[in-house]
Amino acid sequence: MTSQKKNKKYFALLLLTIFVSVELFGIAAPIATASTQSKLDEAMDYFGVPKDQRTFGVADRKAEAPQVRVEFSPTNPKPGEEVTATAYTSG
């Protein structure tokens, strides 16, 4: 791989990181989302990233995280008293 191609890839990765950061953290709220999205699409097209691989952390693909509930017995122990913890999972 030539140095120029390598530099272009690093630059595209930097741009992608900046665009994603702006979208996720709202760093530049006045910037129009459509403008940011179009620039991101241009960069992805330039580097040949297929359109079906352009999703990052899409919410509908995420499963609900497992939940854990821990109960202690006795609930208010005295110093030195043995405590039993029972964990219940869901999800």
Side-chain angles (χ1 to χ4, degrees):
M1 182 183 300
T2 66
S3 178
Q4 187 177 11
K5 278 188 176 183
K6 199 175 200 180
N7 287 340
K8 281 185 180 181
K9 285 193 178 191
Y10 285 133
F11 182 72
L13 183 60
L14 175 65
L15 284 178
L16 178 64
T17 304
I18 291 170
F19 289 139
V20 170
S21 297
V22 166
E23 290 293 323
L24 291 178
F25 303 113
I27 295 169
I31 296 176
T33 303
S35 173
T36 305
Q37 186 62 44
S38 66
K39 294 296 182 188
L40 182 58
D41 285 339
E42 282 180 35
M44 297 293 230
D45 287 338
Y46 180 79
F47 287 99
V49 177
K51 290 191 185 290
D52 63 337
Q53 295 178 5
R54 294 183 186 184
T55 55
F56 304 99
V58 177
D60 63 343
R61 292 187 183 175
K62 294 181 182 178
E64 188 173 320
Q67 302 288 320
V68 177
R69 186 181 80 225
V70 180
E71 292 181 1
F72 298 95
S73 176
T75 56
N76 193 10
K78 294 176 176 65
E81 185 178 357
E82 186 174 305
V83 176
T84 303
T86 307
Y88 300 97
T89 60
S90 64

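Note that these values count all heavy atoms, side chains included, but never hydrogens, waters or copies made by symmetry. All residue numbers refer to positions in the sequence shown, counting from 1. Just so you know, these numbers come straight off a predicted model, no measurement behind them.
Here the straight-line distance linking atom CG of Asp45 with atom CG of Asp41 works out to 6.0 Å at 0.5 Å rounding. Rounding to the nearest 0.5 Å places CG of Leu15 at 11.5 Å from CE of Met44.
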For residues 71-78, please give each side-chain donor-acceptor pair under 3.5 Å, one per line with the distance, not counting sequence neighbours.
| residue | atom | partner | partner atom | Å |
| --- | --- | --- | --- | --- |
| Glu71 | OE2 | Arg69 | NE | 3.2 |
| Glu71 | OE2 | Arg69 | NH2 | 3.2 |

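Every side-chain contact (heavy atoms from CB on, under 4.5 Å) that Phe47 has, sequence neighbours left out, goes to Lys8, Lys9, Ala12.
With a 6.0 Å radius and a threshold of 12 heavy atoms from other residues, nucleotides or ligands, Glu81 has its CD atom above the threshold.
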